[in-house]
Protein chains: 2
Amino acid sequence: MEYFPAPLEKLVEQFARLPGIGGKSAQRLAFHVLELPEEQAREFADAILAARRSVTLCPVCQNLTEGGLCPICASEKRDGGVICVVADTRDVIAIERSREFNGRYHVLHGVLSPMNHVGPDDLHIRSLLDRVSAGGVREVIMATNPDTEGEATALYLSRLLKPFGVKVTRLAYGIPVGSHLEFADDATLMRALHGRQEL
Amino acid sequence: MEYFPAPLEKLVEQFARLPGIGGKSAQRLAFHVLELPEEQAREFADAILAARRSVTLCPVCQNLTEGGLCPICASEKRDGGVICVVADTRDVIAIERSREFNGRYHVLHGVLSPMNHVGPDDLHIRSLLDRVSAGGVREVIMATNPDTEGEATALYLSRLLKPFGVKVTRLAYGIPVGSHLEFADDATLMRALHGRQEL
């Protein structure tokens, strides 16, 4: 005896495939959809299709865009001489939110990870090298995550980039703003001491 | 400066409207959809529309069905003489899972709740009375939740039903199977003692 009508069962399955959504949550979400006005259900379905179809990667920086160049690559106000290399499009958003950076980006779509069989050819490295070799780039900022894989990727790229005579930098390590010293881990404290600056 | 392409922003909003999905989760889900093969994104969108369109309420018991009578009302193996009254379609599933009940259901789609302005007219009570008055029903089991509103609803319905000369019962209260006595609350223990049965 099946408990749900087939279309509901199918919808539960679809929700359960999403990351971080377990069986119970999938049921709750599916029941919620049943109770939506038809128009809202249609809007939801359309949003899925529209996002999947019309969001593409910027041919220059591989950031998300709606066809053509992304707004950052298209903007003449941004400094094309500085490229900030990030692992993921979400990292672009995080850095944009700080309003501190006025250069352009390059999204690798991953980091080197031998454990997960991700090698240099699986990342958008070739197009980064092309951008730098085309000239006009003064600095490349490595903004991969401060974990083992992010570090390794930054190091690997910096070795590839230096022959082009470009300055390669890494985000500063240190105590996060607003945190408490007593909760900082040893590695972070050590880095913060090493990187201390004169006031 | 907007951070997401518009279609992605829209999809994030749609996910954020779902119950229990916060802003960060909505972002994670939307990015996941972007990475789906187009066919899977279409399947997901279709599942939403199909569920919303083709899942209806059974005209007899108000349980979910795919058009027409629900499988339980349609089955001749189920005993139409016993009606189990539940608040929600999910409660039908819970009881079906126990494989203990062979009667039919009646789904109220809510409980009486003056605080939330839910009165008798907002529930599927009229159709329950019609079923009972049509004859052939020997017993109505009140399987609303054992909380204040569920209790009040069960009591209210039992008063409406008794004039029809039908037996009205309530699910037994007591210690949940597999639990520990020391963790049982006072009210449950009291009910368990009151309802004690000879071995």
Side-chain angles (χ1 to χ4, degrees), chain A residues 1-15 17-21 25 27-38 40-56 58 63-67 70-72 75 88-90 92-94 96-97 99 109, chain B residues 1-15 17-21 25 27-38 40-56 58 63-67 70-72 75 88-90 92-94 96-97 99 109:
Chain A
M1 161 90 219
E2 34 173 39
Y3 302 129
F4 292 132
L8 178 58
E9 188 69 58
K10 241 182 174 169
L11 184 57
V12 171
E13 271 167 32
Q14 287 288 340
F15 275 119
R17 281 188 195 173
L18 298 177
I21 305 286
S25 300
Q27 267 188 34
R28 200 187 56 227
L29 296 176
F31 274 93
H32 173 81
V33 168
L34 287 189
E35 285 159 14
L36 286 180
E38 173 129 12
Q40 279 182 36
R42 169 156 284 287
E43 268 175 30
F44 186 17
D46 286 348
I48 289 170
L49 291 176
R52 178 61 191 75
R53 275 185 196 150
S54 60
V55 176
T56 55
C58 170
N63 189 12
L64 297 177
T65 178
E66 209 186 330
C70 76
I72 295 172
S75 165
D88 193 284
T89 49
R90 275 158 277 199
V92 173
I93 296 159
E96 282 297 287
R97 233 186 272 123
R99 297 168 190 272
H109 289 275
Chain B
M1 161 92 221
E2 33 174 38
Y3 303 127
F4 292 132
L8 178 58
E9 189 69 58
K10 239 180 175 169
L11 183 57
V12 172
E13 271 168 32
Q14 288 288 341
F15 274 120
R17 280 189 196 172
L18 298 176
I21 304 287
S25 300
Q27 267 188 34
R28 199 187 59 229
L29 296 175
F31 273 94
H32 173 81
V33 168
L34 287 189
E35 286 158 14
L36 286 179
E38 172 128 12
Q40 278 181 35
R42 169 157 285 287
E43 268 176 27
F44 186 18
D46 286 348
I48 289 170
L49 291 175
R52 178 61 191 74
R53 275 187 195 144
S54 60
V55 176
T56 55
C58 170
N63 190 11
L64 298 176
T65 176
E66 208 184 331
C70 76
I72 295 172
S75 164
D88 194 283
T89 49
R90 275 159 276 199
V92 172
I93 296 159
E96 283 297 288
R97 232 186 273 122
R99 296 167 190 272
H109 290 274

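Reminder, nothing fancy here: chain letters follow the sequence lines and each chain counts from 1. Heavy-atom basis, side chains included; hydrogens, waters and symmetry copies ignored. The structure displayed is predicted, hence computed values, not measured ones.
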Practice task
Check B:V55 against A:P7 and note the closest heavy-atom contact, atom names and distance.
Solution key: CG2-CB, 4.0 Å
Practice task
Would you give the length of the straight line joining atom NZ of B:K10 to atom CD1 of A:I48, rounded to the nearest 0.5 angstrom?
Solution key: 13.5 Å
Exercise for the section: Check whether any side-chain heavy atom of B:L64 sits under 4.5 Å from a side-chain heavy atom of A:F31, and report yes or no. Expected result: yes
Handout entry: A:V33 versus chain B, the contacting section by heavy-atom distance below 4.5 Å
Key = both
Handout entry: B:T89 vs A:L34, side-chain contact (heavy atoms from CB on, under 4.5 Å): CA-CA, chis, key distance, verdict
Key = CA-CA 12 Å; B:T89 49; A:L34 287 189; over 6 Å; no
Problem - Heavy-atom side-chain proximity of A:I21 to B:L29 below 4.5 angstrom - result: yes
Fill in the blank from the handout: Output for pair (B:F4 CZ, A:E66 CD), nearest 0.5 Å, gives 13.5 Å
Completion exercise
Of the listed A:A51, A:G20, A:S25, the one with the largest count of heavy-atom pairs under 4.5 Å with chain B is A:A51
Practice task
Give the intermediate values and the outcome of salt bridge (charged side-chain N to carboxylate O under 4.0 Å, His left out) for residues A:R17 and B:E43.
Solution key: CA-CA 12 Å; A:R17 281 188 195 173; B:E43 268 176 27; 3.8 Å; yes
Exercise for the section: Check each atom of B:E13 against the heavy atoms of chain A and say whether the ones under 4.5 Å are side chain, backbone, both or neither. Expected result: neither
Exercise for the section: Identify the heavy atoms of A:R52 and B:P37 that sit nearest to each other, and give their distance. Expected result: NE-C, 3.9 Å
Problem - For the student: nearest non-hydrogen atoms of B:L49 and A:R42, plus distance - result: CD2-CA, 3.7 Å
Handout entry: Residue selection (most heavy-atom pairs with chain A, distance under 4.5 Å) from B:R53, B:Q40, B:E35
Key = B:R53
